[in-house]
Structures are given as structure tokens and as C-alpha cells.
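Structure first, commentary second.
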Amino acid sequence: MRVGFVGLGVMGRPMALNLARAGIPLVVWNRTLERCAPLSEAGAEVAASPAEVFERADTVLLMLADEAAVDAVLGRGTPAFGTRLAGRTVVHMGTTSAEYSAALEKDVRAAGGAYAEAPVSGSRVPAEQGELVAMLAGEDSVLADVRPLLAPMCRESFDCGPVPGALLMKLAVNIFLITQVTGLTEAFHFADRHGLDRARFLDVLDAGPMASSVSRMKAPKLLARDFAVQAAATDVLKNNRLIAEAARAAGVASPLLDVCHALFEETVTGGHGDEDMVAVLRALEARTGGARADGARPPGDVIV
């Protein structure tokens with residue numbers, strides 16, 4: 001039977017392409033139709049609407065930006081919701097609040113459908129390479145059907161118990177990611193403003209125990225001031241907000257995350273939300289102001 005995939009953004013499109021290239025019969029939809037072209041070329045069928053995806057697929061993977069987008073695609077709160085969901089499995093792969101996902105599962109099951117969470121850890125490049133890491137939550141019988149679909153997109157998947165365990169796991173993982181990349185960027189900025197050889201700084205970092213796949217992906221971007229998106233600053237800010245809300249609800253302290261939250265808010269407010277998360281460098285530069293220790297200014301930038 002066909003599998004549906006809705007949401008062909010920075011992450012969704014390479015994920016869906018990996019499914020199509022693995023020979024899985026796929027029907028796709030995206031609000032911006034042009035983004036479906038590579039999927040059509042790879043053999044996927046393009047639906048005219050979300051409703052058509054649900055008509056033609058038994059399992060539908062959703063890789064959507066936020067809760068409003070998920071509700072709109074599902075027709076939640078309208079008579080269409082029951083029609084679309086009855087007898088279908090919905091796999092929620094985006095990042096939303098845990099409370100939202102738990103409520104959505106109840107609604108999907110009440111409509112006669114099945115539901116699983118499968119958020120992924122990784123950015124655009126791992127998505128292209130089929131190297132994402134999935135976190136799964138839901139009923140065992142549902143997950144047994146979902147796991148084979150993840151294989152073309154993910155190198156590993158981990159069961160996280162009932163819903164919303166996978167989304168809570170994703171938020172916990174993202175705390176480390178956000179603080180790690182922000183720390184790397186601040187260290188780079190510190191070295192830069194002290195007039196150090198920035199490439200040499202990154203070489204030293206890469207030779208030591210702090211090196212990681214994340215630092216090896218982000219360091220060249222910092223050095224080249226390459227802000228092309230792998231994980232957009234706007235999405236990082238959204239994740240930051242979701243984590244902060246979950247922390248407050250549980251009475252959990254999150255001081256490092258709170259600092260990052262402020263910096264990414266400044267990054268997005270400064271007009272850099274569509275750039276990669278290393279654009280948090282721009283917020284650090286704006287706070288510091290002035291030129292580098294060697295008298296140079298970042299190429300192509302005006303520092304205020």
C-alpha cells in the first residue's frame with residue numbers, strides 16, 4: 001500500500017526522497033507545490049490536497065513546522081478529521097509540545113485511527129544521507145508497522161515508551177544540541193575577537209576531546225561565515241521555546257537553555273531567522289560590537 005508524506009521542507013524533502021529511492025510507493029503533498037518536483041522525478045505521486053493523501057495512503061508521515069500546520073493537514077476540529085483518520089495511521093515526525101501530541105493521539109484514536117510519534121535528531125545533511133536518529137513512541141502494534149518505514153531515513157531508532165515519550169526525548173536531546181552549538185559559536189567569537197588564527201583554533205578543537213560530528217559540521221560554516229540552512233535559527237528558537245515551556249511546567253531549571261533562548265531570539269529579531277543556527281554568531285557580534293582585535297570586521301557585515 002502507498003505511504004503518504006506531507007511536509008517537504010528543509011528536512012522533509014530529503015527524508016521523503018530517501019523513501020522514494022528505497023522503492024516505497026509514496027504519495028506526497030506540500031503547500032508549496034514546486035517542492036514536490038524532485039519527489040515526482042523520483043517516482044512518487046503528487047496529491048492535489050492533504051485529503052487526497054489520506055484517501056490514497058494507509059500510513060501518513062507528517063513532517064510539518066508546527067501544531068497549526070498539523071491540525072490544518074488533518075482537518076482537526078472539522079468533520080473532515082474523522083473521515084481522513086478512520087483506518088489510517090498518522091506518524092508525527094515534527095517537533096511540537098508533548099501536551100499537544102498526547103491530545104492529538106487521543107483524538108486520532110477516537111476517530112478510529114492509529115498514532116505514533118517519530119521525531120528525528122539531525123539536520124539537513126544527515127537527512128540527505130539517511131543518517132537521522134528516530135525516537136519512537138506509541139502502541140507496540142503501531143510501532144511494529146512504522147519501524148520499517150524509518151529504515152531508509154534513519155540509521156537508528158529508539159523506543160521511548162508511550163506517547164509523548166518520544167517528543168520529550170527529542171526536547172532533551174535538543175537542549176544538548178542547542179547549548180553545544182551556541183557554546184562552539186561563542187568560543188569561535190572569543191578567539192576571533194582576540195585576534196587568534198580562527199582556522200588554527202578550530203584545528204585545535206578538532207584534535208581534542210571536545211570534537212564531535214556536530215562541531216565538525218558547524219566549524220567550517222563558522223570559518224566561512226556560511227549561514228546556508230542546515231537547521232534554521234527560527235526552528236531552533238521554536239524548539240527552545242518548547243523546551244522552556246516543558247521545563248517550566250515540570251519545575252525544572254534550565255539556565256543554559258535560557259541564555260540560548262535570548263540569543264536566538266536576538267538572532268531571529270535581527271532578521272536572520274532563515275539562516276543556519278550558527279547565525280547566532282550575529283547576535284554575539286551585535287552584543288560585542290566594534291571590530292575584531294586585529295582591526296578587521298566580519299566580511300560583508302555591518303556591526304552595530
Side-chain angles (χ1 to χ4, degrees), residues 1-9 11-12 15-16 19 24-31 45 47-121 132 134-151 153-154 157-171 238-239 242 245-246 249:
M1 298 298 292
R2 292 184 182 87
V3 172
F5 198 107
V6 177
L8 303 175
M11 295 287 290
M15 291 166 65
L19 285 171
I24 293 175
L26 205 63
V27 55
V28 303
W29 181 83
N30 191 71
R31 185 175 58 182
E45 299 175 15
S49 66
E52 185 179 342
V53 174
F54 283 90
E55 288 170 4
R56 296 165 63 184
D58 289 330
T59 299
V60 180
L61 312 182
L62 305 180
M63 191 63 181
L64 295 165
D66 53 33
E67 298 166 4
V70 173
D71 285 348
V73 163
L74 297 179
R76 195 174 180 204
T78 74
F81 182 77
T83 304
R84 290 183 194 178
L85 274 296
R88 303 292 188 269
T89 297
V90 174
V91 184
H92 177 27
M93 302 192 74
T95 306
T96 61
S97 74
E99 291 81 5
Y100 170 84
S101 184
L104 180 58
E105 181 193 35
K106 291 179 181 178
D107 288 352
V108 169
R109 292 175 67 178
Y115 181 83
E117 292 177 341
V120 293
S121 181
L132 297 169
M135 291 145 277
L136 288 166
E139 295 184 343
D140 290 343
S141 59
V142 178
L143 298 186
D145 293 333
V146 170
R147 283 191 198 93
L149 298 178
L150 300 179
M153 301 181 286
C154 305
S157 61
F158 295 89
D159 289 358
C160 300
V163 173
L167 271 167
L168 286 170
M169 185 70 75
K170 172 69 184 294
L171 296 182
K238 181 198 83 169
N239 277 267
L242 290 172
E245 290 172 353

> Of L150, L132, V6, L64, which is the lone residue that meets side-chain contact (heavy atoms from CB on, under 4.5 Å) with M93?
Replying inline: L150

> Distance from M15 atom CE to L8 atom CG, nearest 0.5 Å?
Replying inline: 10.5 Å

> N30 and G9: which non-hydrogen atoms are nearest, and at how many Å?
Replying inline: OD1-N, 4.4 Å

>> If you apply the rule side-chain contact (heavy atoms from CB on, under 4.5 Å), what do you find for T59 with D145, and how did you get there?
In response: CA-CA 9 Å; T59 299; D145 293 333; 5.9 Å; no

>> Counting C-beta onward and ignoring hydrogens, is there a side-chain heavy-atom pair between L19 and L61 closer than 4.5 Å?
In response: yes

> What residues form a side chain to side chain donor-acceptor pair (under 3.5 Å) with E55, not counting sequence neighbours?
Replying inline: none

>> For a salt bridge (charged side-chain N to carboxylate O under 4.0 Å, His left out) check, start with the C-alpha distance between K238 and D66, then their side-chain angles and the critical distance, and finish with the verdict.
In response: CA-CA 9 Å; K238 181 198 83 169; D66 53 33; over 6 Å; no

>> A side-chain contact here means heavy atoms from C-beta on lying under 4.5 Å apart; do L167 and Y100 qualify?
In response: no

> Which atoms form the tightest heavy-atom contact between V53 and G4, and what is the distance?
Replying inline: CG1-CA, 3.7 Å

>> Has E67 got a side-chain atom pairing as donor or acceptor with T96's backbone, closer than 3.5 angstrom?
In response: no

>> Let's go through D107 and L74 carefully: what are the C-alpha distance in whole Å and the side-chain angles of both, what is the deciding distance for side-chain contact (heavy atoms from CB on, under 4.5 Å) to 0.1 Å, and is it a yes or a no?
In response: CA-CA 11 Å; D107 288 352; L74 297 179; over 6 Å; no

>> Using side-chain heavy atoms (C-beta onward) and a distance below 4.5 Å, is E245 in contact with L242?
In response: yes

>> Keeping K170 on the side-chain end and V120 on the backbone end, is there a donor-acceptor pair under 3.5 Å?
In response: yes

> Is F5 close to V91 at the side-chain level, that is, under 4.5 Å between some pair of heavy atoms?
Replying inline: no

> Is a donor on one side and an acceptor on the other found under 3.5 Å between the side chain of R109 and the backbone of Y115?
Replying inline: no

>> For R147 and L136: C-alpha separation, side-chain torsions, deciding distance, then whether side-chain contact (heavy atoms from CB on, under 4.5 Å) applies.
In response: CA-CA 9 Å; R147 283 191 198 93; L136 288 166; 3.7 Å; yes

> Does P50 reach the side chain of R84, with side-chain heavy atoms less than 4.5 Å apart?
Replying inline: yes

> What are the two closest non-hydrogen atoms of G165 and E117, and how far apart are they?
Replying inline: N-OE1, 3.7 Å

> Where is the tightest heavy-atom contact between A137 and L143, given as atom of each residue plus distance?
Replying inline: O-CD2, 3.7 Å

>> How close do P119 and G94 get, counting heavy atoms only, and between which atoms?
In response: CB-O, 3.9 Å

> CE/M135 to CG/L171 distance, rounded to the nearest 0.5 angstrom?
Replying inline: 9.5 Å

> Any side-chain heavy atom of V70 sitting closer than 4.5 Å to one from R76?
Replying inline: no

> How far apart are the closest heavy atoms of G75 and F81, and which atoms are they?
Replying inline: O-CB, 3.2 Å

